[in-house]
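Values reported hereafter were calculated over all heavy atoms of this structure, with side chains retained and with hydrogens, waters and symmetry mates removed. Remember, it's a predicted structure, so these values are computed and weren't measured experimentally. Here is how names work: the chains are called A, B, and so on, in the same order as the sequence lines, proteins then strands, and each is numbered from 1.
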Amino acid sequence: MALRLYDTGSRSKRRVEYQGDALTIYACGITPYSDSHIGHARQAIAFDILVRWLRSQNVPVKYVTNFTDVSDTIIEAAEKEGVDYTVISNRYITGYRKSMKRLNVLDADAYPRVTESIDGIISMITTLVEKGHAYQGDDGVYFEIETAPEKYGYLTGQTLEMVKSGAGGRVDDTGIGKRDHRDFALWKFEKSDGPSWESPWGRGRPGWHIECSAMVYEHFGERVDIHGGGSDLMFPHHEAEIFQSECCFGIAPFASHWMHNGMINVDGEKMSKSLGNFWTITDAIDAVGEIVLRYSLINAPYRQPIDFNEVLLKDAELNYRKLLNCILNAGGMTDGTSWEKYEKLLISEEAFVSGMNDDLNTRVAIAETQVVVKLMGQSLREQNRGLTDACIGWLAKYAGEVLGIIPSEKEISLMMDDRAKKRSNIEKEVDDLIEQRRVARSEKNWTEADRIRDVIEKMGVSLQDDDNGTHWQITGD
RNA sequence: GCACGAGUGGCAGAGUAGCUAUGCAACGGACUGCAGAUCCGUGGACCCGGGUGCAAAUCCCGGCUCGUGCUCCA
């Protein structure tokens, strides 16, 4: 396979390979305790682009992403509202799925939930206890780091000693029954009346990390080709998964590639509720539209931090408008037009493909898309239908199918209808005004001509004067 | 403190040894009565100091600055 992907484990770009019938991808999803934010959107889009790219290259892919549908945060939210915890998790899962759809994120093959994976979780913990990697403490079952110290720091380069010295007071609150503060919980015993399940060690609920190991096993077996999530999950979450899965099944590596997307800052600061610079996905979509949001989130390659700010959004919006206008001006999408006769398009294709194969460089991919949009602008001007159709074919495949930044054909044709309707509603009036303006212009009455132009533009119409007279079109909404 | 990553034109942001990134902005031009839109073109950059090379933004060493992580996190 031509795709080279950065692997956090080896800290290098490595060729992607797969062993079974399909390439397996697991991404850690959200904990649904509040509205999803643009950081969640970025993570989902990064993996969506990975899946779309592989599929467009005819690689069979199985993609699974989970919901951590039981957690302290969910339980707190439920208590606050006086509802069952499932009310909270279901509400935000529904909201998340809805947002993903709007952002053109394709459905994963499965969305497992912790609460539906309890059996698998218990069975993994049982094995870990039997093999001597886990022990029961006063308040839960813990994984014992000292039983596999060589695995510590695989993703983050941290050593056992560093965590002890640097973590300050925070390590005190993570469980009182541990032998070592770096051990992590596999099963937490029931404290009050929160959700809990029977287990060989007593009623309780899973620790945060074990769910993903269990779900990967359930869907893919002992190992997975690509595993990932936000870079903030590297430690401790993903390192904990490595301990659990590798020790449970006696295999290594658990994941061939670890893929981590970068975080989002807002106006140069970390996005957080307390700073008040927090964007939920729905807020962002309301502000700029769903595809512009998606465009802005793939403007930088997935590993780079993104600064979410006015300039980024303005840029994404402008470039998206250009793309969309070209398509609308060309009369919408056309089916299956190839571009192999046009050398410029082949060159752009080559650049796009090699950019994507180089660790999913969406920045290069977007740059090539912009090149093609420009070419299409020339083509429309010259009324070169063959080239225009070829450009549309290129854009449909690369900007549409791969990057997901073109609305569906259905939406495009709705936009076209809408334009046509608007046009026919005002056609007569505009034509009359243009005629009046033409007369004023022929009399060199520029004041009157400009006044009429203002009137026309207020109707949402833009005029173009050229040799053949005056043309007009509905301004992009 | 330790770990990981980053510092590129006015701005966003690719490139990782020799060949135009791209977009916005600026400037010049075509078109226009003017403007807008569109198109054509121009200039301008590689944090600092050393080193290796015919050649370094790109590799190596040192420094400075910034971001993130270090058991809530996408």
Next on the checklist: Under the side chain to side chain donor-acceptor pair (under 3.5 Å) test against Glu144(A), which residue among His133(A), Lys178(A), Arg179(A) passes?
Outcome noted: Arg179(A)
Item to check | Nearest-Å distance once atom P is located in both G15(B) and C72(B) | outcome: 34 Å
Next on the checklist: Syn or anti for G29(B)? Use the chi torsion, O4'-C1'-N9-C4 for purines and O4'-C1'-N1-C2 for pyrimidines, with syn inside 90° of 0.
Outcome noted: anti
Checklist entry - What's the CH2-C1' distance between Trp258(A) and A74(B), to the nearest Å? => result 14 Å
Item to check | Centroid under 5.5 Å and tilt under 30°, Trp446(A) to G33(B) | outcome: yes
Item to check | Sugar-phosphate, base or nothing in reach of Gly153(A), heavy atoms under 4.0 Å | outcome: nothing
Next on the checklist: From CG of Asp454(A) over to C1' of C34(B), roughly how many Å is that when rounded to an integer?
Outcome noted: 12 Å
Next on the checklist: Between G49(B) and U20(B), how far apart are the two P atoms, rounded to whole Å?
Outcome noted: 27 Å
Item to check | Touch class at under 4.0 angstrom, heavy-atom based, for His37(A) against every strand present | outcome: base
Item to check | Distance, C1' atom - from U22(B) to G44(B), rounded to whole angstrom | outcome: 16 Å
Checklist entry - With both distances under 3.5 angstrom, what nucleotide forms a Watson-Crick or G-U wobble pair with U22(B)? => result A12(B)
Checklist entry - Hey, do the aromatic rings of Tyr96(A) and Phe67(A) have their centres closer than 6.0 Å? => result yes
Item to check | Results of salt bridge (charged side-chain N to carboxylate O under 4.0 Å, His left out) for Glu290(A) - residues two or more places apart only | outcome: Arg102(A)
Checklist entry - Can we call the ring centroids of His227(A) and His257(A) under 6.0 Å apart? => result no
Next on the checklist: Taking only the P atom of each, what is the distance from U68(B) to A35(B) in whole angstrom?
Outcome noted: 47 Å
Item to check | Atom-pair distance (CD1 on Ile30(A); P on C73(B)), nearest Å | outcome: 13 Å
Checklist entry - Would you say the side chains of Asn357(A) and Trp53(A) form a donor-acceptor pair under 3.5 Å? => result yes
Checklist entry - What do the steps show when you test Arg419(A) against Asn329(A) for side-chain hydrogen bond (donor to acceptor under 3.5 Å, both in side chains), and what is the final call? => result CA-CA 10 Å; Arg419(A) 273 198 177 186; Asn329(A) 291 342; 3.2 Å; yes
Next on the checklist: Nearest whole Å is fine: how far is A74(B) P from His238(A) NE2?
Outcome noted: 11 Å
Next on the checklist: Once side chain to side chain contact (heavy atoms under 4.5 Å, CB included) is applied, do any residues pair with Thr68(A), and if so which ones, sequence neighbours excluded?
Outcome noted: Thr31(A), Asn66(A), Val114(A), Trp208(A), Glu211(A)
Next on the checklist: Counting only Watson-Crick pairs (N1-N3 plus N6-O4 or O6-N4) and G-U wobbles (N1-O2, O6-N3), all under 3.5 Å, who is the partner of U58(B)?
Outcome noted: none
Next on the checklist: In terms of relative ring orientation, are Phe47(A) and Tyr63(A) parallel, tilted or perpendicular, with 30° and 60° separating the classes?
Outcome noted: parallel
Checklist entry - How about Glu239(A) and His209(A): does a side-chain donor come under 3.5 Å of a side-chain acceptor? => result no
Checklist entry - Listed by chain and number, what are the salt bridge (charged side-chain N to carboxylate O under 4.0 Å, His left out) partners of Glu79(A), not counting sequence neighbours? => result none
Next on the checklist: Counting only Watson-Crick pairs (N1-N3 plus N6-O4 or O6-N4) and G-U wobbles (N1-O2, O6-N3), all under 3.5 Å, who is the partner of C46(B)?
Outcome noted: none
Checklist entry - For Asp359(A) and G5(B), what is the distance between atoms CG and P respectively, to the nearest whole Å? => result 13 Å
Restricting to nitrogen or oxygen on both sides, can you table the protein-nucleotides 36-38 of chain B pairs closer than 3.5 Å?
{"residue": "G36(B)", "atom": "N2", "partner": "Leu463(A)", "partner atom": "O", "Å": "2.2"}
{"residue": "U38(B)", "atom": "O2'", "partner": "Arg381(A)", "partner atom": "NH1", "Å": "3.4"}
{"residue": "U38(B)", "atom": "O2", "partner": "Arg381(A)", "partner atom": "NH1", "Å": "3.1"}

Next on the checklist: Base, sugar-phosphate or nothing for Gly39(A)? Non-hydrogen atoms, less than 4.0 Å.
Outcome noted: base
Next on the checklist: I'd like the C1' distance from A12(B) over to A26(B), given in whole Å.
Outcome noted: 16 Å
Item to check | Watson-Crick or G-U wobble partner of A6(B), both distances under 3.5 Å | outcome: U65(B)
Next on the checklist: Output the rounded distance in Å from CZ (Arg182(A)) to P (U71(B)).
Outcome noted: 12 Å
What does the list of N/O pairs under 3.5 Å between the protein and nucleotides 12-16 of chain B look like, with a distance for each?
{"residue": "A14(B)", "atom": "O3'", "partner": "Asn361(A)", "partner atom": "ND2", "Å": "2.8"}
{"residue": "G15(B)", "atom": "OP1", "partner": "Asn361(A)", "partner atom": "ND2", "Å": "2.9"}

Checklist entry - What residues form a side chain to side chain contact (heavy atoms under 4.5 Å, CB included) with Val371(A), not counting sequence neighbours? => result Ser348(A), Glu368(A)
Checklist outcome for this item: Asp232(A) atom CG is separated from G67(B) atom C1', nearest whole Å, by 14 Å
Checklist entry - So what does Asn261(A) touch, heavy atoms closer than 4.0 Å: a base, only the sugar-phosphate, or nothing? => result base
Checklist entry - Which nucleotide, in any strand shown, forms a Watson-Crick or G-U wobble pair with G53(B), with both distances under 3.5 Å? => result none
Item to check | A17(B) and C11(B), which share atom name P, separated by this distance in whole Å | outcome: 27 Å
Next on the checklist: Any strand counts, and the cut-off is 3.5 Å on both contacts for Watson-Crick or G-U wobble. Which nucleotide pairs with G28(B)?
Outcome noted: C40(B)
Next on the checklist: By nearest heavy atom, map Gly230(A) and Lys314(A) onto RNA chain B; which one lands nearer the 5' end?
Outcome noted: Lys314(A)
Checklist entry - Is the shortest distance from a Lys or Arg side-chain nitrogen in Asp450(A) or Arg453(A) to a carboxylate oxygen in the other one below 4.0 Å? => result yes
Item to check | Inter-nucleotide P distance (A25(B), C4(B)), Å rounded | outcome: 41 Å
Next on the checklist: Applying a 4.0 Å non-hydrogen cut-off, can you work out what Arg11(A) is touching in the nucleic acid: base, sugar-phosphate, or nothing?
Outcome noted: sugar-phosphate
Checklist entry - Given that Leu375(A) and Pro236(A) both sit by RNA chain B, which one's nearest nucleotide is further toward the 5' end? => result Leu375(A)
Checklist entry - Rounding to the closest angstrom, what is the interatomic distance between A45(B) and G10(B) at atom C1'? => result 11 Å
Next on the checklist: Please confirm whether the shortest side-chain N or O distance from Tyr6(A) to OP1 or OP2 of G5(B) is below 4.0 Å.
Outcome noted: yes
Item to check | Nucleotide nearest Asp450(A) (side chain, heavy atoms from C-beta), chosen from U68(B), U71(B), C34(B) | outcome: C34(B)
Item to check | Atom pair distance, as rounded to whole Å: CG in Leu155(A) and P in G69(B) | outcome: 16 Å
Next on the checklist: Only pairs with both distances under 3.5 Å count, Watson-Crick or wobble alike; so what is the partner of A17(B) in this structure?
Outcome noted: none
Next on the checklist: Students often get this wrong, so: under 4.0 angstrom with heavy atoms, is Ile264(A) touching a base, only sugar-phosphate, or nothing?
Outcome noted: base
Checklist entry - Does Arg303(A) make a cation-pi contact with Tyr6(A) (under 6.0 Å, within 45 degrees of the axis)? => result yes
Checklist entry - Is C34(B) paired to anything, Watson-Crick or G-U wobble with both distances less than 3.5 Å, and if yes, which nucleotide? => result none
